[in-house]
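Keep in mind it's a predicted model, so treat the numbers as computed, not measured. Heavy-atom basis, side chains included; hydrogens, waters and symmetry copies ignored.
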Amino acid sequence: MIDQVAFTELCRRQLALSGVHEGESVTVLSQGDERMNYADAFLNAARSLGAKAYHLRLPAPGAAGGAWAVGASGLASNPEAVEALKRSDMLVDLIFLLFSKEQTAIQDAGTRVLSAVEPPELLARLFPTEELRERVEVGQELMRGARSLRFTNALGTDVTYRLGRYPAITEYGYTDEPGRWDHWPSGFVFTGGDDDGVDGRIVLAPGDVLLPFNTYVRNPVEITVEKGFITDIRGDLDAHMLRSYIESFDDPRGYGMSHVGWGLNENAHWHGLLPPAFPGGMGMEPRAVYGNVMFSIGPNNELGGPNDTACHFDIPMRDCSLFLDDDPIVLDGDVVVPEMQPASRR
């Protein structure tokens with residue numbers, strides 16, 4: 001276990017990597033009693049770097065009911081708090097604002113945003129590096145120039161994304177550029193297909209990951225995609241649970257296809273959701289596993305798209321092959337572009 005002194009030093013290293021310096025303003029956003037030790041660590045870390053540190057603590061949310069709805073935040077009814085956060089140089093988000101209109105407004109004001117909700121032990125093991133950033137940005141450049149993305153697997157997956165409308169986005173675990181968001185930990189690159197430009201068949205294999213269920217697929221699930229929307233989900237229990245989850249939002253946009261990309265963090269473990277892994281967080285480790293292919297269902301407003309449904313699903317997959325304009329990027333779960341491989345794998 002990491003004690004508070006060590007955690008504060010970890011947060012100081014993170015803020016230094018994110019460019020925090022003397023005279024900057026850093027605001028930590030929390031809610032209720034959650035992650036108070038995180039707030040204390042980041043506040044003390046920011047002060048040690050000479051920054052002005054503030055803590056904006058929202059009231060605890062009401063009783064939870066139903067599925068996790070992305071894009072809903074305690075800031076929605078608090079415009080004064082949003083305005084205060086827009087005046088900060090950096091926001092440390094401990095409540096997960098992603099997909100919310102409030103986060104978009106804060107970023108548009110030039111505030112850089114870092115989400116940190118995973119267990120401290122995982123934050124330490126997957127601490128970001130400049131070398132990881134460089135490899136992720138190589139993937140971004142390749143994705144920017146591509147007009148199509150296709151991925152396959154041995155079970156029959158063959159789906160194509162028409163590219164061009166949406167940007168290529170990087171996540172490498174820190175943020176030192178105005179208006180940029182990242183998530184500590186991470187390590188992947190992604191984009192989105194045109195709204196009507198995703199077609200094909202996806203077959204989930206046992207061992208693939210279902211997030212936010214934080215579970216592994218037990219039996220194959222066959223998903224049919226036509227013109228950017230899922231039209232059919234077939235299989236046993238996992239298929240029923242996935243379909244039931246989407247239907248619970250009563251929003252047909254929950255069947256929309258969102259982002260797609262691949263993982264590049266060689267320190268991330270596929271088994272990271274299993275005991276004795278530290279509890280808590282939202283499954284960032286399998287999202288970042290080196291050589292995975294991950295696709296998302298639901299909102300694409302993070303990319304600038306029109307779909308802001310609250311129904312969101314990320315599915316990292318193993319042993320896939322991914323191609324940009326027919327050029328191989330990942331083959332059978334292994335990254336084949338030398339510039340994206342860590343030095344230990346070249």
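- Using a 4.5 Å cut-off on side-chain heavy atoms (C-beta onward), Ile233 and His240 make no contact.
- Take Asp325 and apply the salt bridge (charged side-chain N to carboxylate O under 4.0 Å, His left out) test, not counting sequence neighbours, and it matches no residue.
- At a threshold of 4.5 Å between non-hydrogen side-chain atoms, the residues Thr104 and Lys101 do not count as touching.
- A 4.5 Å side-chain heavy-atom check between Leu237 and Met241 finds at least one atom pair inside the cut-off.
- Nearest heavy-atom pair, Val26 versus Ala46, reported as atom, atom and distance to 0.1 Å: CB-CB, 4.1 Å.
- Remark: Arg35 pairs with no residue by the side chain to side chain donor-acceptor pair (under 3.5 Å) rule, at least two apart or across chains.
- Every pair passing ring pair (Phe, Tyr, Trp, His ring centres under 6.0 Å) that includes a residue from residues 2-49 is listed here, sequence neighbours excluded: Phe7-Tyr38.
- Salt bridge present: Glu266 and Arg135 bring a charged side-chain N and a carboxylate O closer than 4.0 Å.
- Side-chain contact annotation: Ser30 with Glu34, donor-acceptor N/O pair under 3.5 Å absent.
- Residues meeting the side chain to side chain donor-acceptor pair (under 3.5 Å) test with Glu9, sequence neighbours left out: Arg12.
- Put simply, CG on Leu149 and OG1 on Thr160 are 8.5 Å apart, with the number rounded to the nearest 0.5 Å.
- Looking only at side-chain heavy atoms (C-beta outward), Leu85 and Leu75 come within less than 4.5 Å of each other.
- Across Pro286 and Val209, no two heavy atoms sit closer than the pair CB-CG2, 4.0 Å.
- Checked by atom type and distance alone, the side chain of Arg57 pairs as donor or acceptor with a backbone atom of Gly32 at under 3.5 Å.
- For Glu302, there are no side chain to side chain donor-acceptor pair (under 3.5 Å) partners at least two apart in sequence or on another chain.
- A donor-acceptor pair is defined here as one N or O able to donate and one able to accept, closer than 3.5 Å; no such pair exists between the side chain of Ser88 and the backbone of Leu91.
- Tyr54 and Val92 are members of different hydrophobic clusters when ILVMFWY side chains are connected at heavy-atom separations under 4.5 Å.
- Taking the salt bridge (charged side-chain N to carboxylate O under 4.0 Å, His left out) definition, one finds that Asp199 meets it with nothing, sequence neighbours left out.
- Between Ser186 and Gly173, the shortest heavy-atom contact is OG-N, 3.0 Å.
- Put simply, the side chain of Arg125 does not reach to within 4.5 Å of the side chain of Glu118, judged on heavy atoms.
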### Query
What's the verdict on side-chain hydrogen bond (donor to acceptor under 3.5 Å, both in side chains) for Trp181 and Ser115, showing C-alpha distance, side-chain angles and the deciding distance?
CA-CA 8 Å; Trp181 171 85; Ser115 295; 2.9 Å; yes
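- Both Leu324 and Val138 are assigned to one and the same hydrophobic cluster, defined by single-linkage of ILVMFWY side chains at heavy-atom distances under 4.5 Å.
- A donor-acceptor pair is defined here as one N or O able to donate and one able to accept, closer than 3.5 Å; such a pair exists between the side chain of Thr8 and the backbone of Gln4.
- Judged as a ring pair (Phe, Tyr, Trp, His ring centres under 6.0 Å), and not counting sequence neighbours, the contacts of Phe313 are Phe213, Tyr245.
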### Task
Please assess Thr170 against Arg180 for the test side-chain hydrogen bond (donor to acceptor under 3.5 Å, both in side chains), listing each intermediate value before the final yes or no.
CA-CA 10 Å; Thr170 58; Arg180 184 179 182 277; 3.0 Å; yes
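- A 4.5 Å side-chain heavy-atom check between Arg287 and Met282 finds at least one atom pair inside the cut-off.
- In terms of modelled atom types and a separation under 3.5 Å, the side chain of Asp251 and the main chain of Arg253 share a donor-acceptor contact.
- Between the side chain of Ser18 and the backbone N or O of Val20, no donor-acceptor pair lies under 3.5 Å.
- When the salt bridge (charged side-chain N to carboxylate O under 4.0 Å, His left out) test is applied to Asp195, the partners found at least two apart in sequence or on another chain are Arg165.
- At a threshold of 4.5 Å between side-chain heavy atoms, the hydrophobic network of Ile, Leu, Val, Met, Phe, Trp and Tyr places Val136 and Leu163 in one connected group.
- Across all non-hydrogen atoms, the minimal contact from Cys320 to Val293 is CB-CG2, 3.7 Å.
- Using modelled atom types, one side-chain atom of Ser258 and one backbone atom of Pro299 make a donor-acceptor pair closer than 3.5 Å.
- Side-chain N/O atoms of Asp314 and His312 include a donor and acceptor closer than 3.5 Å.
- Arg112 and Asp176 are not joined by a salt bridge, as no carboxylate oxygen comes within less than 4.0 angstrom of a charged side-chain nitrogen.
- Atom CG in Asn292 sits 8.5 Å away from atom CG in Leu264 (nearest 0.5 Å).
- Residues satisfying the salt bridge (charged side-chain N to carboxylate O under 4.0 Å, His left out) criterion with Glu137, sequence neighbours excluded, are Arg133.
- Side-chain contact check for Pro119 versus Leu123: every heavy-atom pair is 4.5 Å or farther apart.
- For Arg87 and Thr111, the side-chain atoms include no donor-acceptor pair closer than 3.5 Å.
- For the pair Leu49/Glu24, no side-chain contact is recorded, criterion being any heavy-atom separation below 4.5 Å from C-beta on.
- For the pair Asp208 (side chain) and Ala205 (backbone), a donor-acceptor distance under 3.5 Å is present.
- Listed for the Thr27 side chain is no donor-acceptor partner under 3.5 Å among the backbone atoms of His55.
- Heavy-atom neighbours of Asp108 CG from other residues, nucleotides or ligands within 6.0 Å: above the threshold of 12.
- Linking ILVMFWY side-chain heavy atoms closer than 4.5 Å, directly or via other members, places Phe96 and Val113 in a single hydrophobic cluster.
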### Task
Might you work through the side chain to side chain contact (heavy atoms under 4.5 Å, CB included) test for Leu142 and Arg144, ending with a clear yes or no?
CA-CA 6 Å; Leu142 292 173; Arg144 280 174 172 168; over 6 Å; no
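- Scanning both residues, Tyr216 and Gly272, for their nearest heavy atoms gives OH-N, 3.7 Å.
- Between the side chain of Ser321 and the backbone N or O of Asp332 there is at least one donor-acceptor pair closer than 3.5 Å.
- A single hydrophobic cluster is seen to contain both Leu17 and Val28, as judged by linkage of ILVMFWY side chains at heavy-atom distances under 4.5 Å, directly or through other members.
- Sorted by first and then second residue, the ring pair (Phe, Tyr, Trp, His ring centres under 6.0 Å) pairs with a member in residues 116-153 read Phe127-Trp184; sequence neighbours excluded.
- When all heavy atoms are compared, the tightest approach of Pro338 to Val336 is CD-O, 3.3 Å.
- For Asp326, the CG atom counts as loosely surrounded, since its 6.0 Å shell holds 12 or fewer non-hydrogen atoms of other residues, nucleotides or ligands.
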Table please: side-chain donor-acceptor pairs of residues 221-229 below 3.5 Å, with sequence neighbours left out.
unit_1: Glu222; atom_1: OE1; unit_2: Arg201; atom_2: NH2; d: 3.4
unit_1: Glu222; atom_1: OE2; unit_2: Arg201; atom_2: NE; d: 2.9

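- Centroid-to-centroid, the aromatic rings of Phe295 and His259 stay 6.0 Å apart or farther.
- No side-chain donor-acceptor contact under 3.5 Å links Asn301 to the backbone of Asp308.
- Within 6.0 Å of CZ in Arg234 there are 12 or fewer heavy atoms belonging to other residues, nucleotides or ligands.
- Scanning for side chain to side chain donor-acceptor pair (under 3.5 Å) contacts around Ser73 gives Glu102, with sequence neighbours left out.
- Between Tyr172 and Tyr174, the angle of the ring planes goes over 60°, which puts this pair in the perpendicular group of the 30/60° scheme.
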